[in-house]
Q: 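Structure provided below as structure tokens; questions to follow.
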Amino acid sequence: MPAQPAEATISEITDLITFDTTSRDSNLPLIDHVVDRLKAAGIESQRVPNAEGTKANLLATLPAADGSTTGGIVLSGHTDVVPVDGQDWSSDPFTP
């Protein structure tokens with residue numbers, strides 16, 4: 001039987017999914033949350049705002065195991081979702 005995710009993992013995923021980051025809206029609450037989680041783990045990050053200051057990308061550098069900044073890890077993703085208005089969902093798309 002495959003291992004089940006830890007409760008802390010499920011909790012964090014739930015937190016991330018519940019942020020409404022519909023593309024027409026700001027993603028800053030989610031970005032702030034991720035910045036705080038990274039900071040708690042000792043990882044510095046940098047916000048890169050759009051021209052209006054309503055959205056941002058987030059850059060974080062995770063050093064390599066030997067502490068060097070070369071050979072570290074890059075995670076790439078996006079924080080917006082398409083609008084769900086008028087769609088016939090059988091459950092809340094922002095609830096896991």
Side-chain angles (χ1 to χ4, degrees):
M1 175 179 234
Q4 296 298 313
E7 184 58 38
T9 301
I10 297 298
S11 178
E12 185 64 25
I13 290 169
T14 299
D15 287 347
L16 294 171
I17 290 171
T18 59
F19 284 96
D20 182 354
T21 57
T22 304
S23 56
R24 65 178 165 250
D25 299 325
S26 177
N27 69 342
L28 295 180
L30 172 64
I31 294 294
D32 292 342
H33 173 79
V34 174
V35 166
D36 291 344
R37 297 293 290 142
L38 289 170
K39 186 177 280 186
I43 300 167
E44 293 300 316
S45 60
Q46 177 184 359
R47 288 179 183 88
V48 181
N50 66 351
E52 297 80 21
T54 57
K55 297 182 180 188
N57 289 318
L58 185 63
L59 302 175
T61 301
L62 285 68
D66 65 3
S68 72
T69 57
T70 58
I73 298 173
V74 173
L75 302 174
S76 178
H78 64 93
T79 61
D80 64 338
V81 297
V82 297
V84 296
D85 306 332
Q87 296 179 6
D88 186 20
W89 284 79
S90 62
S91 64
D92 181 349
F94 299 110
T95 301

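We number each residue from 1, following the sequence as shown.
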Q: Distance from Asn27 atom CG to Asp20 atom CG, nearest 0.5 Å?
A: 11.0 Å
Q: Minimum heavy-atom separation for Leu28 and Lys55, please, with both atom names.
A: CD2-C, 3.8 Å
Q: Between atom NE2 of His33 and atom CG of Asp15, what is the distance when rounded to the nearest 0.5 Å?
A: 5.0 Å
Q: Same hydrophobic cluster for Phe19 and Phe94, using side-chain heavy-atom links shorter than 4.5 Å among ILVMFWY?
A: no
Q: Roughly how far, to the nearest 0.5 Å, is OG1 of Thr9 from CD of Gln4?
A: 11.5 Å
Q: Check whether any side-chain N or O of Thr54 sits under 3.5 Å from a backbone N or O of Ser26 as a donor-acceptor pair, and report yes or no.
A: no
Q: Hydrophobic cluster membership, with links at side-chain heavy-atom distances under 4.5 Å among I/L/V/M/F/W/Y: are Leu30 and Ile43 in one?
A: yes
Q: Identify the two heavy atoms, one from Leu38 and one from Ala60, that lie closest to each other, and give their separation to 0.1 Å.
A: CD1-CB, 3.9 Å
Q: Could you tell me whether the side chain of Asn57 and the main chain of Val48 form a donor-acceptor pair under 3.5 Å?
A: no
Q: Kindly work out whether a path of hydrophobic side-chain contacts (I/L/V/M/F/W/Y, heavy atoms less than 4.5 Å apart) joins Leu16 to Ile10.
A: no
Q: Donor-acceptor pair, distance only, cut-off 3.5 Å: does the side chain of Thr21 make one with the backbone of Thr79?
A: yes
Q: Taking all atoms of both residues into account, what is the closest heavy-atom pair of Ile17 and Pro93, and its distance?
A: CG2-O, 4.3 Å
